[in-house]
Amino acid sequence: MTPAPFRSALPLTSAGPTRWRELVELVRRFGQYATGAEAERVTRIVLSALGALVVGDERVDLVRRLPEEAALLIASQVPATRKPTAAEFVESVAPRIPGATPATARWDVSSVLSILPQVIGEDLTDRILSQLPNGYALLFGRAELKRSA
């Protein structure tokens, strides 16, 4: 089950990127994690994995729009030479999350990625999704639209 798209009641900073604690709190609420520490751990793991997938101007813009701690997680990753499918991405994240199963890993990935559009903007989310294979939109809490050939 994928979390539904999330719109937070938390105030986001209007000047500059969301603060790290705000980002973690969004993930905690959306993913229904018991503690902030659990949400922070999942957020770090998922953003690190995402960092290897986003390249070019989208990577630069993503780093600019995220809080510093999150930006460092993205920027410190070496870009992947091959973009995994969405299922492969989730499978690659699962071993990094203590006690994760494929289903809980998908929940964790979606809990983080589904809040990103409200933090980084729909425009950048669209650009990032255009770099990724079909299937990732669902992880970002969106309906998967068929791409034109």
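We're numbering straight along the sequence, starting at 1. Source: prediction; values computed, not measured.
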Give me each pair satisfying ring pair (Phe, Tyr, Trp, His ring centres under 6.0 Å) with a member in residues 80-106, each pair once, sequence neighbours excluded. Phe89-Tyr136
As an exercise, state the distance from CG of Leu132 to CG of Leu53, rounded to the nearest 0.5 Å. 6.0 Å
Quick one, Glu69 and Arg19 - any side-chain contact, counting heavy atoms below 4.5 Å? no
Closest heavy-atom contact between Val93 and Ala49? CG2-CB, 3.7 Å
Under the rule for side chain to side chain donor-acceptor pair (under 3.5 Å), what residues qualify as partners of Arg44, not counting sequence neighbours? Glu40
Provide the full list of ring pair (Phe, Tyr, Trp, His ring centres under 6.0 Å) pairs with a residue in residues 39-66, sequence neighbours left out, each pair given once. none
Arg127 meets the salt bridge (charged side-chain N to carboxylate O under 4.0 Å, His left out) criterion, sequence neighbours left out, with Glu58, Asp61
Linking I/L/V/M/F/W/Y whenever their side-chain heavy atoms sit closer than 4.5 Å, directly or via other members, would Leu72 and Val24 fall into one cluster? no
Test side chain to side chain contact (heavy atoms under 4.5 Å, CB included) applied to Leu139 and Leu113, Leu50, Leu129, Val112, the passing residue: Leu113
What's the spacing between Leu23 CG and Thr43 OG1 if we round to 0.5 Å? 5.5 Å
Just jot down the side chain to side chain donor-acceptor pair (under 3.5 Å) partners of Ser92, sequence neighbours excluded, or say none. none
Acceptor/donor pairs from residues 32-39 side chains to any protein atom, 3.5 angstrom cut, sequence neighbours excluded:
| residue | atom | partner | partner atom | Å |
| --- | --- | --- | --- | --- |
| Tyr33 | OH | Asp108 | OD1 | 2.5 |
| Thr35 | OG1 | Glu38 | N | 3.0 |
| Glu38 | OE1 | Ala34 | N | 3.4 |

With sequence neighbours left out, write down each residue that passes side chain to side chain contact (heavy atoms under 4.5 Å, CB included) with Ser48, or none if nothing qualifies. Leu73, Gln77
Any side-chain heavy atom of Leu116 sitting closer than 4.5 Å to one from Leu47? yes
Do Ser114 and Phe140 have side chains that approach each other closer than 4.5 Å (heavy atoms only, starting at C-beta)? no
Between CD on residue Glu25 and CH2 on residue Trp20, distance to nearest 0.5 Å: 13.0 Å
Partner set under side chain to side chain contact (heavy atoms under 4.5 Å, CB included) for Pro79, not counting sequence neighbours: Val55, Arg59
Mind checking salt bridge (charged side-chain N to carboxylate O under 4.0 Å, His left out) for Asp123 and listing every partner two or more places apart, or none if nothing turns up? Arg65
Can you check whether Gly31's main-chain N or O pairs, donor with acceptor, with Trp107's side chain at less than 3.5 Å? yes
Check Pro84 against Pro133 and note the closest heavy-atom contact, atom names and distance. O-CG, 3.5 Å
Would you please name every residue forming a side chain to side chain contact (heavy atoms under 4.5 Å, CB included) with Val60, sequence neighbours left out? Arg64
Using the test side chain to side chain contact (heavy atoms under 4.5 Å, CB included), find all partners of Thr101 that sit at least two apart in sequence or belong to another chain. Ala103, Thr104
For Glu91, all residues meeting salt bridge (charged side-chain N to carboxylate O under 4.0 Å, His left out), sequence neighbours excluded: none
Point-to-point distance, once rounded to the nearest 0.5 Å, from CD of Glu68 to CG of Leu66: 11.5 Å
Determine, stepwise, if the pair Leu26 / Val119 fulfils side chain to side chain contact (heavy atoms under 4.5 Å, CB included). CA-CA 10 Å; Leu26 288 171; Val119 175; 4.0 Å; yes
Would Lys83 and Glu88 satisfy salt bridge (Lys or Arg N to Asp or Glu O under 4.0 Å), going step by step from the backbone distance to the final call? CA-CA 9 Å; Lys83 303 279 171 101; Glu88 291 169 337; over 6 Å; no
Quick one: does Val54's side chain get under 4.5 Å of Ile74's, heavy atoms only? no
